[in-house]
Amino acid sequence: MATILITGGAGYIGSHTCKLLASVGHLPVAFDNLSNGHADAVRWGPLQTGDICDRRQLRAAFEAWRPESVIHFAGLIEVGRSTADPATFYRANVAGSLALLEEMAAVGLRRIVFSSSAAVYGIPVSSPIPEEAPPAPVSPYGETKRAVEAMLDAFARACGINYAALRYFNAAGADPEGELGERHDPETHLIPRALRTALGLEPELVIFGTDYPTPDATAVRDYVHVSDLAAAHVAALDRLASGGGPLTTNIGTGSGRSVQQVLESCRRISGCRIPARTAPRRAGDPPELVAATGRAARDLGWRPHLSDLDSIIATAWAWHSARGA
Ligand code: UDP
């Protein structure tokens, strides 16, 4: 049994990963400032309340729990807000990650799995996107992810920190056992918004952009089930523990789904009408983001199992409809 410190362990992907880690015999210690996370989502190990920007709190957590690895989810995620308030994003995502890496180096902790994002690619020139595509973020959010990837690389060279940077495509769905799900405030993501509209909690779904060069003119994304994402983190930890070197890899399915297809699946699975209207594109939204999947399969032995669109939406619907939120 290994003790793993999970920054952002009370958040959406973090809490699902804690559950999976516990089920394979590890002790997940959630380190979270609860600014966006939920204390009641930490159920598979202890919660250490703290902020990654505070090195003393990090040091205290390392001393109290002596983890052998870190999975680093903590950070801000709303792309639109990153444009309006870049300072807050650079502080939380870049300065926070720097504090974490410095503190890890100081205590001799050498393994980290980092939540990167397809946002590092910006507007891709081809699809599916291979990891070799040059990073070209179009938002401060994406810039912060690229900056942390560069920092990881520098720390790997300078002090032997070994890392896996996982570039997530669109995380979606909920724990198939119904114990966890997606709870953001504000909720900006397509699937929870559509399902909240199905429940009558929002008056309508707004479809951003109906003039994309895609088959049905709405934007295409690669949706990955959150439990598959959690499994990618466990695979990355295993790789680090067995001496695999630094890795940067996409985590996606290789299949794209349009906003219209998602909406139709939400209607079918919920049995609700889901009123929708169209609006102009959201600034900075690329037409299509679909992962090339070869590296994750080869270097992590990871493949998605639950990420077909209907499984994603059925598990998300079970979660939202049970909570009425
Ligand atoms: N989207 C939409 N209406 C919404 C939320 C999202 O049409 O209320 C679109 C968005 O423009 C993008 C896709 O759905 O093309 C996925 O957006 P989401 O915010 O879920 O994830 P992102 O791809 O931005 O990380």
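Read the numbers this way: they start at 1 and go in the same order the structure lists the ligands and their atoms.
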S.K.: Do NZ/NE/NH1/NH2 and the carboxylate oxygens of E177 and K19 come within less than 4.0 Å?
M.R.: yes
S.K.: Can you pull the residues with any heavy atom under 4.0 Å from ligand 1?
M.R.: N170, T188, H189, L190, R193, L205, V206, I207, F208, A219, R221, Y223, V259, R282, D285
S.K.: Are E187 and R193 ion-paired here, with the side-chain N under 4.0 Å from a carboxylate O?
M.R.: no
S.K.: Quick one: are the ring centres of Y223 and H189 less than 6.0 Å apart?
M.R.: no
S.K.: Taking atom types as modelled and ignoring hydrogens, do the side chains of D85 and Y90 form a donor-acceptor contact shorter than 3.5 angstrom?
M.R.: no
S.K.: Centre of Y212's six-membered ring, under 6.0 Å away, within 45 degrees of the axis: is that where NZ or CZ of R281 sits?
M.R.: yes
S.K.: Do the rings of Y12 and H184 sit parallel, tilted or perpendicular, given the 30° and 60° boundaries?
M.R.: perpendicular
